[in-house]
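Below: the structure, in structure tokens.
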Amino acid sequence: MPPMSGKTLYDKIWDAHVVAQQDGEAILYIDLHLIHEVTTPQAFAGLRAAGRPVRRPDRTLAVADHNVPTEGQALGVGAVADEEARLQLQTLERNVRDNGIEFFPMGDIRNGIVHVVGPEQGRTQPGMTIVCGDSHTSTHGAFGALAQGIGTSEVEHVLATQTLRQKKSKNLRVTVNGTPGPGVGAKDFALAIVGAIGTAGGTGSVIEYAGEAIRGLSMEGRMTLCNLAIEAGARAGLVAPDQTTYDYMMGRPASPKGAAWEMALAHWKTFFSDDDAVFDREVVLDAADIAPTVTWGTSPEDVVAVTGNVPSPESFATPDKKISAERALDYMGLTAGQPITEARVDVVFIGSCTNSRIEDLRSAAAVAQHAFLNGRLVAPHVRAMVVPGSGLVKEQAEEEGLDAIFKAAGFDWREPGCSMCLGMNPDRLAPGERCASTSNRNFEGRQGRGGRTHLMSPAMAAAAAIAGHIVDVREMMA
Amino acid sequence: MKAFTKLDARMAPLTMANIDTDQIIPKQFLKTVEREGLGKGLFYDFRFDEQGVEKTEFVLNRPEYKGVGVLVAGDNFGCGSSREHAPWALLDFGISCVISTSFADIFYNNCFQNGLLPVVLKPEEVQALMEEAKGGNHVVTVDLEAQTVVSPSGAAFSFQIDPQRKAKMLQGLDAIGETLTAAMDIDVYESKRALSEPWLERA
């Protein structure tokens with residue numbers, strides 16, 4: 001027998017949740033199931049048709065986020081103008097009521113984007129398995145939880161059985177060594193990683209992020225990083241829990257208290273990759289090599305340092321990639337070789353499950369404040385909006401005076417939701433509009449038909465709003 | 001779930017790589033509470049212009065590709081959002097098999113929940129099918145039992161597929177029913193966890 005090697009963090013979480021093996025697939029227990037209005041109506045309909053109950057309503061938490069307007073939420077769902085969105089929101093309300101599932105309705109201060117709410121409430125905990133009918137569920141991996149996006153049939157499966165049928169993925173470790181330069185943070189790491197391994201680079205794998213630069217990130221930063229694991233094609237992203245994690249979790253509504261906290265802490269501390277664990281693949285980057293990063297094209301792998309130029313299609317290795325790059329340049333209205341900072345923006349969106357937490361808003365507000373104190377406002381031709389991730393984030397930001405800074409500098413301060421990340425609600429781009437966005441996908445039409453998206457960090461997006469074009473935030477803050 | 005056994009159908013080539021689920025079914029069609037009827041939104045921005053007029057040059061709008069049942073697509077098909085509306089839309093449109101060199105994980109999983117067969121072939125095989133799909137007579141045979149794709153000209157390519165997934169697809173089996181046969185195991189597991197991690201039990 002070969003010598004036993006250690007286990008990875010993913011191996012440990014997986015092993016702790018296998019209920020049984022059936023037909024070569026594991027039946028994996030799910031500790032927390034987050035649900036929202038868009039990917040659940042057909043799942044509940046399926047349960048009703050089969051006469052199956054929800055097995056663990058207590059392990060399920062519902063929010064309304066994808067469709068909700070970012071103004072007038074206090075008026076309630078009945079006042080949502082879009083008839084189809086209203087029906088979908090009302091369907092969720094009926095389904096959670098009929099099944100006894102905890103729900104934060106639109107307008108409730110605890111409501112917000114599902115991947116902001118779970119951690120904020122302390123429902124997301126290390127060592128857990130978490131699913132949601134949303135690909136950005138990978139976000140919760142920041143806590144050392146195995147968190148995966150699933151389809152609606154699987155949502156129905158989890159509602160009925162509290163398990164998921166699955167084969168194990170491979171282990172991929174991405175290590176970021178060193179210390180980042182000023183103006184460089186988690187979003188830049190995440191984009192640089194997607195750029196380095198490609199949007200299919202993580203397919204079939206769970207990525208564990210490790211290294212000094214990752215350890216140095218706050219929980220908000222780790223969530224941004226894991227959020228974009230799916231854009232690298234991975235099933236999930238993971239960061240092993242540490243003191244930063246425990247400090248964040250202490251005192252949250254659903255976090256264990258007293259003796260239970262100590263017991264939970266001891267359990268959480270067992271979730272790390274052993275020194276002799278073997279990964280199927282390793283990728284190593286140095287934080288010092290990463291500049292503030294933006295996307296130029298229509299795939300999250302189309303990244304360029306803000307100091308760089310739009311690439312030429314000829315620079316790509318395969319005919320497929322050349323064609324895709326040509327199409328992307330045409331769609332984006334850019335010319336090969338031009339500095340990316342020449343891209344003039346019409347819209348700035350600061351929000352989404354990637355970057356709408358308090359730290360994100362603070363970093364954007366710092367740029368807005370610096371500009372304001374130097375007599376600069378949002379450029380006259382730019383429509384800039386800030387959409388906090390939850391009612392609680394909004395409240396905290398207002399307590400810190402961030403809303404006042406944004407408003408004074410000319411940003412629109414909105415109510416929480418997914419908003420312009422995917423444009424299911426009224427916030428979207430018009431054809432040809434160019435947007436500096438803190439969201440996660442620059443796909444064609446994602447933020448509105450014909451809309452042109454450049455992904456970047458909150459500080460970079462705020463700087464673009466002031467300058468009126470993509471700009472190096474380090475220069476603006478100098 | 002509808003079973004998939006063997007399909008003789010015409011195929012259409014979609015050469016682009018990284019076709020994401022936002023392109024397969026744009027967001028405005030996700031507001032439905034039904035599974036049916038999504039075919040109208042399939043590849044909407046490719047098929048229709050801003051006024052809703054059909055774009056005649058798009059492959060699925062061309063007369064020779066009306067009524068296709070198989071799509072041959074570029075690398076990493078189905079990346080992006082987890083929306084199961086993507087396979088629902090393809091099926092509703094009449095496409096029950098997609099052939100590519102690779103698929104994104106969540107989309108790939110979602111296909112098997114719905115009787116849509118995703119077939120992975122080698123790059124040169126996909127390229128060969130793309131070429132043949134450009135011709136006039138392009139009926140392809142996809143045989144799940146035999147794990148083969150036979151091109152219009154008779155070239156046969158075999159593909160790999162997980163045996164359990166294959167068996168369920170052939171019979172159109174419901175995964176929930178199967179898992180519930182292990183309900184006792186789930187009960188036992190839950191009882192143990194309630195003791196080892198009591199803080200997770202909510203009153």
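Sequence lines set the chain letters: A, B, ... in the order given, protein chains first and strands last, and positions in each chain run from 1.
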Minimum heavy-atom distance between Glu84(B) and Thr152(A), given as atom pair plus value: OE1-N, 2.6 Å
Arg165(A) versus chain B, the contacting section by heavy-atom distance below 4.5 Å: side chain
Donor + acceptor pair across side chains of Gln125(A), Trp199(B) (<3.5 Å): yes
Lys6(B) atom NZ, neighbour heavy-atom count above 12 within 6.0 Å: no
Which atoms of Phe46(B) approach chain A - backbone, side chain, both or neither, heavy atom under 4.5 Å: side chain
Chain B contact via Thr161(A) - side chain, backbone, both or neither, heavy atoms under 4.5 Å: both
Most contacts with chain B, counted as non-hydrogen pairs under 4.5 angstrom, among Glu102(A), Met263(A), Arg55(A): Arg55(A)
Any side-chain heavy-atom pair of Ile186(B) and Arg56(A) under 4.5 Å: no
Donor-acceptor contacts under 3.5 Å from residues 116-127 of chain B side chains, at least two apart:
{"residue": "Glu125(B)", "atom": "OE1", "partner": "Lys122(B)", "partner atom": "N", "Å": "3.0"}

Residue Phe107(B) versus chain A: region with a heavy atom under 4.5 Å: neither
Proximal component of Pro431(A), with respect to chain B [non-hydrogen, under 4.5 Å]: side chain
4.5 Å side-chain heavy-atom contact, Ile106(B) and Ser135(A): yes
Max heavy-atom pair count under 4.5 Å with chain A, selected residue of Glu178(B), Met16(B), Arg83(B): Glu178(B)
Under 4.5 Å from a heavy atom of chain B, the part of His157(A) involved: both
Segment of Lys167(A) engaging chain B (4.5 angstrom heavy-atom cut-off): side chain
Part of Asp185(B) lying under 4.5 Å from any heavy atom of chain A: both
Any residue of residues 155-168 of chain B which, by heavy atoms, sits under 4.5 Å from chain A: Asp162(B), Gln164(B), Lys168(B)
Worked verdict on Glu444(A) versus Asp45(B) for side chain to side chain contact (heavy atoms under 4.5 Å, CB included): CA-CA 9 Å; Glu444(A) 282 184 26; Asp45(B) 291 352; over 6 Å; no
Contact leader toward chain A among Ser82(B), Gly177(B), Pro198(B), where contacts are heavy-atom pairs under 4.5 Å: Ser82(B)
Evaluation steps, side chain to side chain contact (heavy atoms under 4.5 Å, CB included), between Arg446(A) and Asp20(B): CA-CA 10 Å; Arg446(A) 168 85 176 179; Asp20(B) 58 72; over 6 Å; no
Under 3.5 Å: donor-acceptor pair, side chain of Glu50(B), backbone of Arg449(A): no
From CA spacing to verdict: side chain to side chain contact (heavy atoms under 4.5 Å, CB included), Gln113(B), Glu156(A): CA-CA 11 Å; Gln113(B) 310 284 352; Glu156(A) 184 180 338; over 6 Å; no
Options Arg428(A), Arg59(A), Glu25(A), Lys257(A), ranked by heavy-atom pairs under 4.5 Å with chain B, top entry: Arg59(A)
Selection from Thr39(A), Ile150(A), Asn440(A) maximising heavy-atom pairs under 4.5 Å formed with chain B: Ile150(A)
Met128(A) and Glu197(B), any side-chain heavy atoms less than 4.5 Å apart: no
Trace of the side chain to side chain contact (heavy atoms under 4.5 Å, CB included) decision for Ile323(A) with Thr15(B): CA-CA 9 Å; Ile323(A) 293 168; Thr15(B) 51; 5.9 Å; no
Most contacts with chain A, counted as non-hydrogen pairs under 4.5 angstrom, among Cys79(B), Gly74(B), Ala175(B), Ala86(B): Ala175(B)
Check: Ala17(B) main-chain N/O paired with Lys321(A) side-chain donor or acceptor under 3.5 Å: no
Distance, nearest 0.5 Å, that separates CG of Asp75(B) from OG1 of Thr203(A): 10.5 Å
Heavy-atom donor-acceptor pair, Lys31(B) side chain to Leu87(A) backbone, under 3.5 Å: no
Pairwise side-chain contact, Asn18(B) with Glu301(A), heavy-atom cut-off 4.5 Å (strictly under): yes
Option in Gly423(A), Ala20(A), Ala260(A) with maximal non-hydrogen atom pairs under 4.5 Å from chain B: Gly423(A)
Per-residue contacts, residues 32-40 of chain B versus chain A, heavy atoms under 4.5 Å: Thr32(B), Val33(B), Glu34(B), Arg35(B)
Option that, when pairs with chain A are counted at under 4.5 Å, heavy atom only, ranks first among Leu200(B), Asn114(B), Leu180(B): Leu200(B)
Those residues of residues 187-196 of chain B, ordered by number, that approach chain A below 4.5 Å (heavy atom to heavy atom): Asp187(B), Tyr189(B), Glu190(B), Arg193(B), Leu195(B), Ser196(B)
Side-chain heavy-atom pair Arg441(A), Ser81(B) within 4.5 angstrom cut-off: yes
Donor-acceptor side-chain pairing of Thr181(B) and Gln22(A) below 3.5 angstrom: yes
Among the listed options His17(A), Gln88(A), Gln42(A), Gln148(A), the residue most often paired with chain B at heavy-atom distances under 4.5 Å: Gln42(A)
Region of Asp105(B) in contact with chain A, defined by heavy-atom distances below 4.5 Å: both
Ser102(B), part contacting chain A, at a heavy-atom distance under 4.5 Å: neither
Max heavy-atom pair count under 4.5 Å with chain B, selected residue of Ala264(A), Ala85(A), Ala45(A), Gly445(A): Ala264(A)
